[in-house]
Amino acid sequence: MMISTLERTVLCKAFFTREDVLQIARDLLGKVLVTNFNRKITSGVIVETEAYAGVTDKASHAYSCRNTPRTAVMFGEGGVAYVYLCYGIHSLFNVVTNISGVPHAVLIRGIKPIDGIPVMLSRSGKNKRDENFGNGPGKVSKILGIHYSHTGKSLLKKDVNDQINVWLEDRGIKIPSGSIISTPRIGVDYAGEDARLPYRFFYRQ
DNA sequence: CAGTGGATCGTCT
DNA sequence: GACGATCCACTGG
């Protein structure tokens, strides 16, 4: 596949440390989530996100300052991955945002695959892509090769093996704010009135 | 199509 | 010991 080299910028720390997690969730639409595991580069345009607003948000794992071994990475500085196991089966990938001590995060719920589609198909166990390929937070991690053991990984800095495995790029895709739709988040019925907050974002393609 | 239920296990109580 | 920030297969209409 042809990969454009024009307008390709890796998102830097300042993008993630901003305080408005709803704005970051909107801004992530159209950005490209890229992974490089075992020299296999795979990526997709982010098409759906959900914001989780930390200690005041009943739907957040960090609600009420709940700082546990699992949620601790959200309490660190923005720009790292929070990946956790859901339903015993799925790894769900979140981008940690805000400054240290404010456990905000954005769940990536859907991507439109771009680079390394054969690899992603193979990871998904499918022979051909259908309309749901990359659609769903469990599937995002699965096709990009992200595992819950990757939680805490920096999206900015090289690790001890001198590599970044997961990062975000701006490839110049602009999503008009008018085409962004917000709805309540999925699967958070336990969150009481916060389940109704319009913190899920996607756009018409 | 909508609705239902099983899979499967780390995490927290 | 209970429960998911899910997915898929399977049902029935």
Side-chain angles (χ1 to χ4, degrees), chain A residues 16 20-29 31 33 35 42 44 46-76 78 80-98 102-113 120-153 155 166 168 180-203:
Chain A
F16 301 104
D20 186 348
V21 69
L22 300 177
Q23 187 61 51
I24 297 173
R26 289 173 170 275
D27 291 347
L28 282 169
L29 296 175
K31 300 300 187 294
L33 177 57
T35 63
T42 51
I46 295 170
V47 298
E48 182 181 346
T49 61
E50 277 178 1
Y52 285 84
V55 301
T56 61
D57 180 355
K58 290 196 172 93
S60 170
H61 293 163
Y63 173 62
S64 189
C65 284
R66 190 186 186 80
N67 188 339
T68 68
R70 180 179 65 151
T71 64
V73 304
M74 278 197 283
F75 287 81
V80 304
Y82 171 51
V83 192
Y84 70 94
L85 180 66
C86 186
Y87 293 102
I89 302 174
H90 301 107
S91 290
L92 268 56
F93 173 81
N94 299 248
V95 174
V96 175
T97 72
N98 216 306
V102 185
H104 288 181
V106 177
L107 171 66
I108 307 304
R109 291 193 56 87
I111 60 169
K112 184 175 151 200
M120 291 192 279
L121 276 172
S122 151
R123 286 173 179 154
S124 74
K126 308 242 165 92
N127 330 322
K128 60 174 185 138
R129 51 189 307 183
D130 59 12
E131 67 279 4
N132 292 321
F133 189 44
N135 176 347
K139 288 184 272 188
V140 168
S141 292
K142 184 163 194 181
I143 69 179
L144 290 175
I146 296 171
H147 185 260
Y148 64 89
S149 62
H150 297 137
T151 195
K153 256 177 122 30
L155 308 172
V166 185
L168 287 131
I180 297 177
I181 297 160
S182 62
T183 74
R185 292 168 291 188
I186 303 298
V188 296
D189 295 343
Y190 59 87
E193 68 274 20
D194 287 355
R196 301 163 60 93
L197 294 170
Y199 284 4
R200 174 185 179 225
F201 302 96
F202 56 98
Y203 62 95

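Here the structure is a predicted model, which is why all the values come from computation and not from measurement. Protein chains get the first letters and strands the later ones, always in sequence-line order, with residue 1 at the start of each.
- Going from atom CD1 of I111(A) over to atom CG of L33(A) covers 6.0 Å, rounded to the nearest 0.5 Å.
- Residues satisfying the salt bridge (Lys or Arg N to Asp or Glu O under 4.0 Å) criterion with R109(A), sequence neighbours excluded, are E48(A), E50(A).
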Check nucleotides 7-10 of chain B for protein N or O atoms closer than 3.5 Å to its own N or O atoms and list the pairs.
residue : atom : partner : partner atom : Å
dT8(B)  : O2   : Y87(A)  : O            : 2.4

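- A 4.0 Å heavy-atom criterion places the boundary nucleotides of DNA chain C facing chain A at dG4(C) to dC8(C), written 5' to 3'.
- Among residues two or more places apart in sequence or in another chain, the salt bridge (Lys or Arg N to Asp or Glu O under 4.0 Å) test is passed with D27(A) by R18(A).
- The shortest side-chain heavy-atom distance between Y84(A) and T71(A) does not fall under the 4.5 Å cut-off.
- Counting only Watson-Crick and G-U wobble pairs whose two distances sit under 3.5 Å, DNA chain B takes part in these stems of three or more pairs: B:1-7 with C:6-12, B:9-12 with C:1-4.
- Here L144(A) contributes atom CG and S91(A) contributes atom OG; the two are 11.5 Å apart, rounded to the nearest 0.5 Å.
- Two residues are said to be in side-chain contact when any heavy atoms from C-beta on lie closer than 4.5 Å; V47(A) and F202(A) fail this criterion.
- At least one side-chain heavy atom of Y52(A) sits under 4.5 Å from a side-chain heavy atom of V188(A).
- Residue-to-nucleotide proximity on DNA chain C shows that, of N132(A) and G187(A), the 5′-proximal contact is made by G187(A).
- Contact annotation for K126(A): backbone-only contact, meaning every heavy-atom pair under 4.0 Å involves sugar-phosphate atoms and none involves a base.
- Here CE of M74(A) is found 8.5 Å from OG1 of T151(A). Values are rounded to the nearest 0.5 Å.
- E131(A) meets the salt bridge (Lys or Arg N to Asp or Glu O under 4.0 Å) test with no other residue; sequence neighbours excluded.
- Residues T49(A) and V95(A) are not in side-chain contact: their nearest non-hydrogen atoms beyond the backbone lie 4.5 Å or more apart.
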